[in-house]
There are 2 protein chains.
Amino acid sequence: MQKINQKIIAKKFGVSVSTVSRAMNDSHQISEPVKKKINSYIKKIKFQPNPHARSLRNMKTKTIAVLVPDIANSFFTLSLRGIEEVLHKNGYNLMIFQTNDQLETEKQIFNQLESGIVDGVLSACSSNKNGAIEHIMKLNEKIPVVFFDRFLKELPIPYVTTNNFEVSIEATDAILKECTDVFFVGISEKISVTAERLMGYKTALSHNKIAFDPKKILMFEDEASAYKKFKILLQNRKNKSAFFSTVERYTMELYKVCTELNIKVPDDIAIISFTNHPYIHLFMPNMPIVSMPSFDMGKMSTEILLTLIKKKKLLKPNYILPSTILY
Amino acid sequence: MQKINQKIIAKKFGVSVSTVSRAMNDSHQISEPVKKKINSYIKKIKFQPNPHARSLRNMKTKTIAVLVPDIANSFFTLSLRGIEEVLHKNGYNLMIFQTNDQLETEKQIFNQLESGIVDGVLSACSSNKNGAIEHIMKLNEKIPVVFFDRFLKELPIPYVTTNNFEVSIEATDAILKECTDVFFVGISEKISVTAERLMGYKTALSHNKIAFDPKKILMFEDEASAYKKFKILLQNRKNKSAFFSTVERYTMELYKVCTELNIKVPDDIAIISFTNHPYIHLFMPNMPIVSMPSFDMGKMSTEILLTLIKKKKLLKPNYILPSTILY
DNA sequence: CTGTTAGCGCTTTCAT
DNA sequence: ATGAAAGCGCTAACAG
């Protein structure tokens, strides 16, 4: 396999490497005919300049990294489509990392990214204000970081998220009409969006003059523990109860338990859930859902990131795209 | 922000850059004390060598690319977990590309990969034997390519797949017990796995002495056309019919139509489908499924790829991991 | 408009 | 055991 580089091309045309380089970079410094001649040859043989040499020289990689907790979550799957679309249009590549909501994993990835393999980072981060944030700030000194979905208000890092607080009030209000005994389901208060949603839940309760009961807050680290808890709760239930779930996969577990215990949704139990699963209404036909603008959030955060990478001014650092409740 | 490199470290210790480099690469050419001293400092300040300089020098990137048609497909989501696990263990990064089953997209990605941004490629390719394969062979001259799931028998490229033919016979046999009027649902005969599954379907028909009817073969390019066709078919149906679906998302569309037309599964219609969706039985409790060993296929293909990247000998070029039917 | 040259940060050969 | 120096392929400052 014949390896090819600018030197070889230069030799072929009897010019210098810089002329080839300039042709490829569409420089104004060289004559049109030469430029055209070289470029048409380059196109013909499909020559691509060595990206490492270019990166080494330019300190640019034309690649960005995305950190998500879980690629299987429909919200992130859809966001990734939006992200990909924008990147592709701009000639950027995408590197995807899963954190599984492990702070240690996240830290490790952030550290790794400091080596310079990417030009920017999109992060739906697991960190919280109390926890470690140094890794984020440290990376952000080198390359731009943009949060999407999850974010940290305290940090001077742009973010694109949704109106978690408001839509959670609305969601809780809606379900309170069915039943006043509402459980809140989440992952951890440490996650920004969960905290906001919980706040919305509490606010709605207070609007409706319902006492807040800490026992109604259910936070789970994994599906298995969610399942177990739901099973116990529903086996021992006395009155109709309701669930406001902020985690798609836990909603699935809840529904699984309902099926097993032959509990009918929405007659015996009321559920409202955050989800972007395209077929959710096939399994849970009557469940109202909170649908996030995943695709647009992905697109917008990527556009912001690219703006920062190009060192252009941001019109606004933060964007909040509204979610909608579908009944 | 103070940028750091081997030169700076060398200066700090009053040694040369090559000594630092050798220390970092654990060379036997330098004394233990010096090596230890330098490395402990490097660890302390978490210095990471510039990956582009390294790649440029070594022609290695420690990154591999994965091409999948659709990241949202549960099979690929799970495979990616397996892939990630192996890569992570070996200090490799992952670049994910979606082809959306577009040959043009695939070609473009393959071309792009020729520039040398990755050390190897894992591909669930959309190409077919009749179509263009030059882009695959061309890339494979430069870096190793391994197929997973979809493959091209004709090419000298290792693959990891499942027993599509056999399990499709089994699946068709199973559904034939319910009903002899079986439709086959797929994407395109051009895709290797679809061709194999179709062959299994035909074989089972012939075993059962049922005439093959080309009208029973339903191939769709997207969800919308699948939906439309299913709707027409089921609205006009006379007898009980059955479907052997090889595409998860089309199964969802089929089920959607059933719900809309109030057709009961499995009483009014029999369905068996390939899927790895973790919650599939929540919506379709009684539907038998063909479950692929996604995670293991991802792991194994990655191990093969890494073996090739290290230029080691492969024990066996091709692996077929069996799928299982869950009733 | 074009060529020469230096240098991005690293590894490795060659010399000591 | 260590250092000097070359060079991976590219871009850009400088010179003409």
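Here is how names work: the chains are called A, B, and so on, in the same order as the sequence lines, proteins then strands, and each is numbered from 1. In what follows, every heavy atom counts, from backbone to side chain, and hydrogens, waters and symmetry copies are set aside. A quick note: this is a predicted structure, and the numbers were derived from the prediction, not measured.
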Separation of [X] atom [atom1] from [N] atom [atom2], in whole Å?
X: F47(A); N: dG9(D); atom1: CZ; atom2: P; result: 9 Å
X: I8(B); N: dC8(C); atom1: CD1; atom2: C1'; result: 13 Å
X: I30(A); N: dT11(D); atom1: CD1; atom2: C1'; result: 13 Å
X: I42(A); N: dG9(D); atom1: CD1; atom2: C1'; result: 13 Å
X: K7(B); N: dG7(C); atom1: NZ; atom2: P; result: 8 Å
X: N50(A); N: dT11(D); atom1: CG; atom2: C1'; result: 13 Å
X: L56(A); N: dC10(C); atom1: CG; atom2: P; result: 9 Å
X: K35(A); N: dT2(C); atom1: NZ; atom2: P; result: 11 Å

(message) What I want to find out is whether K107(A) reaches E104(A) closely enough, with some N-O distance under 4.0 Å, to be called a salt bridge.
(response)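 Salt bridge present between K107(A) and E104(A).
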
(request) Step by step, work out the salt bridge (Lys or Arg N to Asp or Glu O under 4.0 Å) result for D70(A) and R81(B). (result) CA-CA 10 Å; D70(A) 174 20; R81(B) 282 204 203 288; 2.9 Å; yes

(message) Would you say S16(B) and T19(B) are linked by a side-chain donor-acceptor pair, where the criterion is simply a distance under 3.5 Å?
(response) yes

(message) Can you confirm whether L80(B) sits close enough to V66(B) that some side-chain heavy atom of one is under 4.5 Å from a side-chain heavy atom of the other?
(response)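 Yes - at least one pair of side-chain heavy atoms lies under 4.5 Å apart.
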
(request) Check every strand shown and say whether G116(A) touches a base, only sugar-phosphate, or nothing at a heavy-atom separation below 4.0 Å. (result) nothing

(request) Give the B/S/- string for nucleotides 11-16 of chain C, one per nucleotide from 5' to 3', where a protein heavy atom under 4.0 Å of the base yields B, of only the sugar-phosphate yields S, and otherwise -. (result) BBB---

